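Remarks on the structure that follows.
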Amino acid sequence: MRIATFNVNGITSRLPALLQWLEETQPDVACLQELKAPQERFPEAALNEAGYQAIWHGQKSWNGVAILGKGVAPQEVGRGLAGDPEDLQSRYIEAVVNGVMVVCLYLPNGNPAPGPKFDYKLKWFERLIARAAELLETGVPAVLAGDFNVMPTELDVYKPERWVNDALFRPETREAFHRLVAQGWTDSLRTMHPDERIYTFWDYFRNAFGRDAGLRIDHLLLSPSLAGALKASDVDREVRGREKPSDHAPTWIELDLSKVHNKLLKPEKVALP
DNA sequence: ATGACTGATGGAATCAGA
């Protein structure tokens, strides 16, 4: 099973590129971020036509997340991240797809740092860490997929010294990401490419893609029950070089679920905390 | 330290992104 994550940076203007990529790579599950569209303006019909069923949490102008299932309807577990009833931003949605718990998230950018936006990012991170711990306690096979807005190490940024004071790379941010992973999650892309400079985002500015001035900020984290099923992981880099691209490229994993067949969630057992 | 580029909103200029 292939699970992909793709920050589309506006699903309305990105729809042709999204449909082309889905047609070409046929992921079984696709997690989308930055829809930048209100709930009623999600292009459900076009995605159905392409063979995908979807759940989504839209928001006017900003944010917005979606989970697509190829030929299957994602069974929604919840939307919105627990821990702050006053947080109305659409950054989090969970669903069971093909027996796997799929978490699609768009972690706040946090710039400028320090400041209130950075505080919001760190608090959001703590809420995510709490939810991730809950999921691990249940033992469900789970994937945390999305735009984490974190470069975990110096290998994940083209020029680390330029980013040390940025919200995506500050020590507090990296420490939170490492604390999350240390719960027992597997960083799929880094596991399959231990020493490689491999990016998922390139700024629109200054010909960043042409210079390969990129960042690795989109991640797929696997629960222990799924780690043994990881077969491959990579970035669909060429998508970033096309006409009217997102500033992110799709990032994906390939899982061999026959290896964890007895651990998959049954349809009648999707009731989770 | 700043700006470059893009999308959404609204119908120009501004915010937000990373």
Side-chain angles (χ1 to χ4, degrees), chain A residues 5-19 21 31-43 46 56-66 87-92 104-122 124-125 128 145-174 176-177 189 197-219 235 237 239-251:
Chain A
T5 181
F6 186 16
N7 179 322
V8 295
N9 188 17
I11 197 166
T12 305
S13 59
R14 206 70 58 224
L15 187 59
L18 173 62
L19 292 173
W21 168 73
C31 297
L32 308 180
Q33 303 86 33
E34 276 209 84
L35 304 179
K36 289 184 168 180
Q39 187 70 11
E40 65 275 14
R41 252 185 271 169
F42 184 84
W56 66 97
H57 194 192
Q59 181 178 337
K60 186 179 175 183
S61 303
W62 299 302
N63 309 318
V65 286
D87 182 6
L88 300 178
Q89 300 190 29
S90 298
R91 296 179 173 275
Y92 189 92
C104 173
L105 65 96
Y106 174 44
L107 208 137
N109 175 303
N111 278 307
K117 290 190 173 184
F118 191 56
D119 295 341
Y120 172 64
K121 176 177 196 160
L122 294 180
W124 205 96
F125 226 136
L128 177 63
D147 177 359
F148 285 69
N149 272 315
V150 181
M151 295 87 87
T153 73
E154 296 198 342
L155 191 57
D156 301 313
V157 48
Y158 65 99
K159 196 173 278 192
E161 65 274 18
R162 288 271 179 92
W163 289 82
V164 288
N165 290 319
D166 189 278
L168 281 69
F169 199 53
R170 286 175 69 97
E172 304 95 315
T173 307
R174 280 186 272 171
F177 185 84
L189 191 61
R197 290 205 168 270
I198 182 165
Y199 304 132
T200 68
F201 166 91
W202 296 261
D203 214 306
Y204 287 123
F205 307 153
R206 296 161 301 208
N207 188 33
F209 185 62
R211 296 184 296 118
D212 198 27
L215 311 173
R216 189 175 76 95
I217 55 177
D218 299 275
H219 307 296
V235 179
R237 202 176 187 284
V239 173
R240 178 63 180 82
R242 293 177 179 168
E243 288 297 308
K244 269 181 76 73
S246 170
D247 39 7
H248 296 250
T251 306

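The structure presented is a predicted model; accordingly, all values stated were derived computationally and were not measured. Proteins come first, then strands; the chains are lettered A, B, ... in the order of their sequence lines, and each starts at number 1.
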Rounding to an integer number of Å, can you tell me how far [X] [atom1] sits from [N] [atom2]?
X	N	atom1	atom2	result
H248(A)	dA16(B)	NE2	P	17 Å
R206(A)	dC5(B)	CZ	P	10 Å
D203(A)	dA4(B)	CG	C1'	8 Å
N7(A)	dG17(B)	CG	P	11 Å
K60(A)	dA8(B)	NZ	C1'	10 Å
F118(A)	dA16(B)	CZ	C1'	18 Å
L32(A)	dG7(B)	CG	P	17 Å
N111(A)	dT2(B)	CG	C1'	14 Å

Worksheet item: Does the pair R211(A)/D203(A) count as a salt bridge with the N-to-O cut at 4.0 Å?
Response: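 No salt bridge links R211(A) with D203(A).
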Contact class for [X] (heavy atom, under 4.0 Å): base, sugar-phosphate, or nothing?
X	value
S246(A)	nothing
N9(A)	sugar-phosphate
K117(A)	sugar-phosphate
Y106(A)	sugar-phosphate
D218(A)	nothing

Rounded to whole angstrom, note down the [atom1] distance from [N] over to [M].
N	M	atom1	value
dT2(B)	dT6(B)	P	22 Å
dT9(B)	dA4(B)	P	24 Å
dA1(B)	dA13(B)	P	29 Å
dC5(B)	dG10(B)	P	26 Å
dA8(B)	dG3(B)	P	24 Å
dA12(B)	dG17(B)	P	26 Å

Practice prompt. Select from D247(A) and S61(A) the residue whose nearest nucleotide in DNA chain B is closer to the 5' end of that strand.
Written response: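 Its nearest nucleotide being more 5', the pick is S61(A).
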Worksheet entry | K244(A) vs P108(A), nearer the 5' end of DNA chain B by closest nucleotide |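 Nearest-nucleotide comparison on DNA chain B picks K244(A).
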Worksheet item: Taking the side chain from H248(A) and the backbone from I217(A), do they hold a donor-acceptor pair closer than 3.5 Å?
Response: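 No, H248(A) side chain to I217(A) backbone: no donor-acceptor pair under 3.5 Å.
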Worksheet entry | Donor-acceptor contact present, side-chain R91(A) to main-chain L105(A), <3.5 Å |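 Side chain of R91(A) to backbone of L105(A): no pair is present.
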OP1 or OP2 of [N] sitting under 4.0 Å from any side-chain N/O of [X]?
X	N	result
R14(A)	dA8(B)	no
S13(A)	dA8(B)	yes
K36(A)	dG17(B)	no

Worksheet item: Do the rings of F209(A) and W202(A) sit parallel, tilted or perpendicular, given the 30° and 60° boundaries?
Response: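 F209(A) vs W202(A) ring planes: perpendicular.
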Practice prompt. Please determine which of N149(A), N111(A), T173(A) meets the side-chain hydrogen bond (donor to acceptor under 3.5 Å, both in side chains) test together with D166(A).
Written response: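 Between D166(A) and the candidates, side-chain hydrogen bond (donor to acceptor under 3.5 Å, both in side chains) is satisfied uniquely by N111(A).
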Worksheet item: Got a second to check how far L168(A)'s CG is from K121(A)'s NZ, nearest 0.5 Å?
Response: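 Output value for this atom pair is 4.0 Å.
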Discussion item. Return the OG1 to CZ distance between T251(A) and F6(A), rounded to the nearest 0.5 Å.
Written reply: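 Reported to 0.5 Å precision, the distance equals 9.0 Å.
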Item to complete: For the residue pair Q33(A) and V8(A), establish whether any side-chain heavy-atom pair is separated by less than 4.5 Å.
Response: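 In short, these two side chains do not touch, never coming nearer than 4.5 Å.
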Worksheet entry | Minimum-distance nucleotide to Y204(A) side chain [options: dT6(B), dA4(B), dA16(B)] |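 Per side-chain heavy atoms of Y204(A), the pick is dT6(B).
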Discussion item. For DNA chain B, which residues of residues 149-167 of chain A approach it to below 4.0 angstrom with any heavy atom?
Written reply: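 By residue number: N149(A).
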Worksheet item: So, Y92(A) and D87(A): side-chain donor and acceptor under 3.5 Å apart, yes or no?
Response: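 No pair is found: no donor N or O on one side chain lies under 3.5 Å from an acceptor on the other.
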